[in-house]
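Residues take their numbers from the sequence shown, with the count starting at 1.
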Amino acid sequence: YQVTQKPAKMGRKVTLATCSLNQWAMDFEGNSRRILESIEVAKKKNASYRLGTELEICGYGCYDHFYESDTLLHSFEVLAMLLQAPVTQDIICDVGMPVMHKNVLYNCRVIFLNRKILLIRPKMHLCNDGNYREERWFTRWMKQRQVEDYFLPRMISSITGQNTVPFGDAVISTRDTCIGSETCEELWAPNSSHIAQSLDGVEIFTNASGSHFSLRKAYVRVDLVKSATAKCGGIYMFANQKGCDGDRVYYDGCAMIAINGSFVVQGSQFSLDDVEVLTATLDLEDIRSYRGNFAARARAAANSEPYPRVIADFSLSKDDDMFLPLYEPVEWRYHTPEEEISLGPACWLWDYLRRSGQAGFFLPLSGGIDSSSTACIVSSMCHLICQAVSSGNTQVLTDVRRIVGDPDYVPDNPRELAGRIFVTCYMASENSSEVTRNRARQLAEQIGSCHQSIQIDAAVSAVISIFTTVTAVVPKFKVHGGSPRENLALQNVQARLRMVLAYLFAQLSLWAQGRPGGLLVLGSSNVDESLRGYLTKYDCSSADINPIGGISKTDLRAFIQYCVGKFGFTALKEIYDAPPTAELEPLAEGQIAQTDEDDMGMTYEELSTYGRLRKMMKCGPYSMFCKLIHTWRNTCSPAQVAAKVKHFFRSYSINRHKMTTLTPSFHAENYSPDDNRFDLRQFLYNVAWTWQFRAIDKQVDVLEGTKSASNTEEAAATTGSTS
């Protein structure tokens, strides 16, 4: 007999789509539009599964709005619209929203196909540290491998024809594969869901995330995804929010797809694109071959507990996929910390500017490292805007035209754009030097900002004269015979008047030019100075927003050097070499006599060390001392270390009250002292720290006594051998 073999019709290649969306908390109109656009792009790229970001319908950062029934109502209204949209047909859509089940609120994935909800999958590990407070609003689903009936609201059941749908910890089985869900924190958990799911035959893992940016953090999530697929085999899809959704954090995208320990697509970490969709075509048989050669996994899988499976009569693959090209592995590209500082705060500023309805930024530019760094970040934003418009981003073009008030404007020169939306001002007093005035002017010229230079002495004298009239005494600077209190008060008057003038100029500068709108005031205090409290309450550190408030002085200095090469701002070379100074005390023969590190009694490098130990290592005074006697053993005696630690904690606790009024800052550093949500501590301290400092003193006595005895014994031994 002659047998004719027909071509096999066994689909094995799947095209999957993940995305990064720039969602905005409570912006249901804009959020739904971006979700639909991402689904449309995914379908155009022939994807059969589209994964969205965490809580994308309402926005991740709704916070106490999650308590409001309106937030749940409007989320379901958006879901109803998505279910009926023609673009959502013939593709599995995975969206995020809050859902209340049995009067308990859950952070959920709603997975639907062709107007039918397949599964509502609640988050099983909530993030409740650092910037996150998910347990304030949500409860984690604790019933592993269990589902319950969820009764759909009428507005949804009238569309789907379903009264109930599965709610809980289940996976979805299509005709050709099996899909399991994780949400953000579950990837970080020691008992991640993907481990047990993989043992039960799940081949595609999805993770919808709301993961924020921190300096040098990108490798963490990359390593976790790579490890998950290397250990378990399978495809891992990671979606993440991007942009500023109305708060201090910036969500930095980095959507990705990996298979069997290798990445096949990498999304952008910093971008002005509101919607970014990544797709990859992968072979399911590669997963099966990978797992089939893993004996330890096979033994564990043979004894694994099964998940409830939701059956979807749908194939992710197509029968005729023989000639469909597969994606090849790629090497992950990381940004340097300097690039992260250049791009992250710039994207955050752009979102804040376009969503605030303001017409630009106002910055008091002192000619120092901090304000110059802020100016460079605004310039970086202008570069990103011009690049986005050049690449055809119509949303950015629409936004920038609205901001500058010109419907025909096309930005193609970052310097020219800066001249339209960025005003800088050097606010000089009699204590300011010509050196810093010239540095500020030169940098402003190179950036292209509309620059002004004003003298504030008349205002300072007027305020002091009011005090003198009432009290009949004249306060003096320390160099003129005044007390420390007088010296500090006279410095603070200058600093606070600069804040008042900054807001005056921000509100009226455009009015004076006959242009509509106002300007956002930018602050420029760094994370180290906030930690130490080395700032005047309600001075120029008080602003609308601060792009460098979460960045250390050490990193800012490196960033300044980077900007010289990246943007050609040669004025920064002199700024980099100059010692940081507040210029609030009288000059000595025309030269700067005051430096920040002398004022603080500690170096910026030491401040960064204290900050990391206090916040990240959870050290109080005694624990910090115990660590630093080893770290600094080659440069400081135990008594010197003790003195440094005590000085830091006294300074920190005396000034902690300033953190309650800290300008909202771009979150970048994990030792930020931001009192709003990240670093929750009292602001009234017993600054003597009597018990804690006494414990340090006792340990110093022991260490110094041991060292003294050791030196005596060594001297005696030396003397004996010589004789």
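Using cut-offs of 30° and 60° on the angle between ring planes, the pair Tyr60 and Tyr132 is perpendicular. Between Phe567 and His383, the two ring planes are tilted [angle within 30° to 60°].
Ion pair Arg333/Glu339 flagged as a salt bridge, since at least one NZ, NE, NH1 or NH2 atom sits closer than 4.0 Å to an Asp/Glu carboxylate oxygen. Under the 4.0 Å criterion applied to side-chain N and carboxylate O atoms, Lys242 and Asp274 are not assigned as salt-bridge partners. Salt bridge Arg532/Glu529: absent, no basic N to carboxylate O contact under 4.0 Å. A salt bridge between Glu29 and Arg33 is absent, with no side-chain N of the basic residue lying under 4.0 Å from a carboxylate O of the acidic one.
Between the side chain of Asp555 and the main chain of Ile551, no donor-acceptor pair closer than 3.5 Å is present. When atom types are taken as modelled, the side chain of Arg498 and the backbone of Met427 share a donor-acceptor pair closer than 3.5 angstrom. For Ser449 (side chain) and Ile447 (main-chain N/O), no donor-acceptor pair under 3.5 Å exists by modelled atom type. The backbone N or O of Ile35 sits less than 3.5 Å from a side-chain atom of Ser38, completing a donor-acceptor pair. The main-chain N or O of Asn393 is never found under 3.5 Å from a side-chain atom of Asp273 such that the two would form a donor-acceptor pair. Side chain of Gln23 to backbone of Glu56: a donor-acceptor contact under 3.5 angstrom is found. A distance-only check finds no donor-acceptor pair linking the side chain of Ser432 to the backbone of Ala428 [under 3.5 Å].
Side chains of Asp412 and Ser390 form no contact here, defined as non-hydrogen atoms less than 4.5 Å apart.
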Legend entry - Stepwise side-chain contact (heavy atoms from CB on, under 4.5 Å) check, Leu501 with Ile454: CA-CA 10 Å; Leu501 289 168; Ile454 64 174; 4.3 Å; yes
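A cation-pi geometry, defined here as NZ or CZ lying under 6.0 Å from the six-membered ring centre and within 45° of its normal, holds between Arg420 and Tyr409. A cation-pi arrangement is absent between Arg248 and Phe678 under the rule of less than 6.0 angstrom and at most 45 degrees off the ring axis.
Here Phe28 and His74 bring their ring centres to under 6.0 angstrom of each other. Note: His667 and Phe213 fail the aromatic proximity criterion, with ring centroids not under 6.0 Å apart.
Each of Arg221, Gln241, Lys217, His335 was compared with Asp252 under the side-chain hydrogen bond (donor to acceptor under 3.5 Å, both in side chains) criterion, and only Arg221 meets it.
Between the CD1 atom in Ile385 and the CG atom in Asp399 there is a gap of 9.0 Å [rounded to 0.5 Å].
Nearest heavy atoms, Tyr334 versus Ala218: CE2-C, 4.1 Å.
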